[in-house]
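Just so you know, ligand 1 is whichever comes first in the structure, and atom 1 is the first atom listed for that ligand. Residue indices begin at 1 and follow the sequence shown. When reading the values below, keep in mind they use all heavy atoms of this one structure, side chains included, and skip hydrogens, waters and symmetry mates.
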Amino acid sequence: MAEVLVVVEAADGAVAKVTLELLTLARTLGEPAAVVFGAPGTAATLVDRLAEYGAATVYVAESPDLDGYLVAPKAAVLARLVRQVSPAAVLLASSQEGKEIAGRLAVKLDNGLLTDVVAVAPDGTATQVAFAGTTIVTSRVTRGFPLLTVRGNAVTPEPAPATATVREVDAAVDDTARLATVVRRVAEQKGSRPELGEASIVVSGGRGVASADNFALIEELADLLGAAVGASRAAVDSGFYPHQFQVGQTGKTVSPQLYVAIGISGAIQHRAGMQTSKTIVAVNKDAEAPIFELADFGVVGDLFTVVPQAAEEIRKRR
Ligand SMILES: Cc1cc2nc3c(=O)[nH]c(=O)nc-3n(C[C@H](O)[C@H](O)[C@H](O)COP(=O)(O)OP(=O)(O)OC[C@H]3O[C@@H](n4cnc5c(N)ncnc54)[C@H](O)[C@@H]3O)c2cc1C
């Protein structure tokens, strides 16, 4: 069976959830093979987890260059690996880095590329959601192999333990891949909540929440559900919540198992970032709010009454 290369994303020695999703998806297309890039020593803590999710091979490219020069060295090494192993497909996360590596790879190999894919059929046909979520597109790469970047939460990660063979990859790159140097890294302050793009549950607040202080209600419900917190652009622009939590066309795209929209009207630009959520719950005092067209479960009511009641019920059941 031909290999399907999955470019691994990891932080602090842990494989990102999106990579486990990609390995799960890769099993439907061929034999999953993970590709780890990083400074020397990066792969050691990742291999077992990658094998647990079905990686039969882990290609390891380790060099200070792969850590110190943004994505160009990764694209160069990946292009060389692809030429060597002729994979059935290459999958990357639809993250900023994943998309940039994929774009560079497509140019280097003169290969087609599909980004922001939300589903892939066994024959490589990909599904994308376009034009602020109003159009579903199915397409295939017709030049070369399927080179796809896949959105987080598009697939439910399922373990399929394998015994991984680790193969060292030549990580040497020339000077053209070393033009942009990483000069400093600043770790983003992270709370105990799951990362918005990866969370299984997202609780978002909109302008209806009415103040930054009131967002404590949204955070409380999120914490009871083990969820990430999101916000509409109106809430962000009003200063209720920081921009990195904005969901929508000009914010993050999320696709959790459960999305709870509280005091959010459901403008098309907001929907663009959340409408592929598996189950959508809306709380809004206006029964005509467009969010109810999308919701699987809607509560018409004042959020300042409904949310504390919901929180109380969840607390009772814990
Ligand atoms: C180019 C462009 C890009 C954009 N990108 C984004 C984006 O990425 N994300 C995004 O979200 N928006 C985006 N927008 C803005 C978008 O058009 C909407 O203005 C925005 O989503 C509205 O946010 P909202 O639903 O919180 O506010 P509103 O539309 O003002 O809705 C507030 C809702 O809260 C309800 N409400 C009020 N009080 C209560 C209460 N006490 N209890 C229950 N319900 C209550 C109201 O009935 C109403 O439905 C973009 C717009 C443009 C033009």
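The single protein non-hydrogen atom nearest to atom 22 (C) of ligand 1 is Ala234 CB, 3.8 Å, given as residue, atom name and distance. Of the protein's non-hydrogen atoms, the one nearest atom 30 (O) of ligand 1 is Arg207 NE, 2.7 Å. In this structure, the protein non-hydrogen atom closest to atom 24 (P) of ligand 1 is Ser232 OG, 3.5 Å. Ranking protein heavy atoms by distance to atom 41 (N) of ligand 1, first place goes to Asp302 OD1, 3.1 Å. The closest protein non-hydrogen atom to atom 36 (N) of ligand 1 is Gly208 CA, 3.7 Å. Nearest protein neighbour of atom 42 (N) of ligand 1, counting heavy atoms only, is Leu303 N, 2.8 Å. The protein heavy-atom contact nearest to atom 14 (N) of ligand 1 is Gln269 CB, 3.5 Å. Looking only at heavy atoms of the protein, atom 31 (O) of ligand 1 is closest to Ser265 CB, 3.3 Å.
Looking at Asp237, Ile291, Val247, Thr250, it is Val247 that brings a heavy atom closest to atom 9 (N) of ligand 1. Among Val300, Thr305, Asn284, the residue whose heavy atom sits closest to atom 46 (C) of ligand 1 is Asn284. The option from Gln246, Met274, Lys285, Arg233 that lies nearest to atom 1 (C) of ligand 1, judged by heavy atoms, is Arg233.
Shown here is Arg317, whose CZ atom has no more than 12 heavy atoms of other residues, nucleotides or ligands within 6.0 Å. Open room surrounds CZ on Phe297; 12 or fewer heavy atoms of other groups in view lie less than 6.0 Å from it.
Atoms of ligand 1 found under 4.0 Å from any heavy atom of Gly248 (numbered from 1 in listed order, with element): 7 (C), 8 (O), 9 (N). Against a heavy-atom cut-off of under 4.0 Å, Gly251 is close to the following atoms of ligand 1: 8 (O). Less than 4.0 angstrom separates some heavy atom of Gln249 from each of these atoms of ligand 1: 7 (C), 8 (O). Of all atoms in ligand 1, listed by their number and element, those nearer than 4.0 Å to a heavy atom of Gly206 are 26 (O).
Between the side chain of Asn153 and the main chain of Ala199, a donor-acceptor pair closer than 3.5 Å is present. Within the 3.5 Å criterion, the main-chain N or O of Val247 finds a donor-acceptor partner in the side chain of His270. In this structure, Glu62 contributes its side chain and Ala43 its backbone to a donor-acceptor pair below 3.5 Å. Although no hydrogens or angles enter the test, the distance criterion places no donor-acceptor pair under 3.5 Å between the side chain of Lys252 and the main chain of Gly197. Although no hydrogens or angles enter the test, the distance criterion places no donor-acceptor pair under 3.5 Å between the side chain of Arg233 and the main chain of Thr250. Between the side chain of Ser238 and the backbone N or O of Ala234 there is at least one donor-acceptor pair closer than 3.5 Å.
By the 3.5 Å distance cut-off applied to N or O atoms, Phe304 is not counted among the residues near ligand 1. For a threshold of 3.5 Å applied to N or O pairs, the pair formed by Gly263 and ligand 1 contains at least one separation below that value. Residue Ala267 has no nitrogen or oxygen atom sitting less than 3.5 Å from a nitrogen or oxygen atom of ligand 1, judged on distance alone.
The residues Arg207 and Asp237 are annotated as not salt-bridged, no charged nitrogen and carboxylate oxygen being separated by less than 4.0 angstrom. Between Lys17 and Glu195, no side-chain nitrogen of the basic residue sits less than 4.0 Å from a carboxylate oxygen of the acidic one, so the salt-bridge criterion is not met. A salt bridge does not link Asp65 with Lys74: none of the charged nitrogens is closer than 4.0 Å to a carboxylate oxygen.
The hydrophobic clustering, which links ILVMFWY residues whose side-chain heavy atoms are closer than 4.5 Å, places Ile262 and Leu225 together.
At least one heavy atom of Gly301 sits closer than 4.0 Å to an atom of ligand 1.
Residue-level proximity to ligand 1 for Val306 is absent, since no heavy atom of it falls below 4.0 angstrom.
Proximity of atom 28 (P) of ligand 1 to the protein is indicated by at least one non-hydrogen atom lying closer than 4.0 angstrom.
Put simply, the residue from Leu147, Val150, Val18 that forms a side-chain contact (heavy atoms from CB on, under 4.5 Å) with Leu92 is Leu147.
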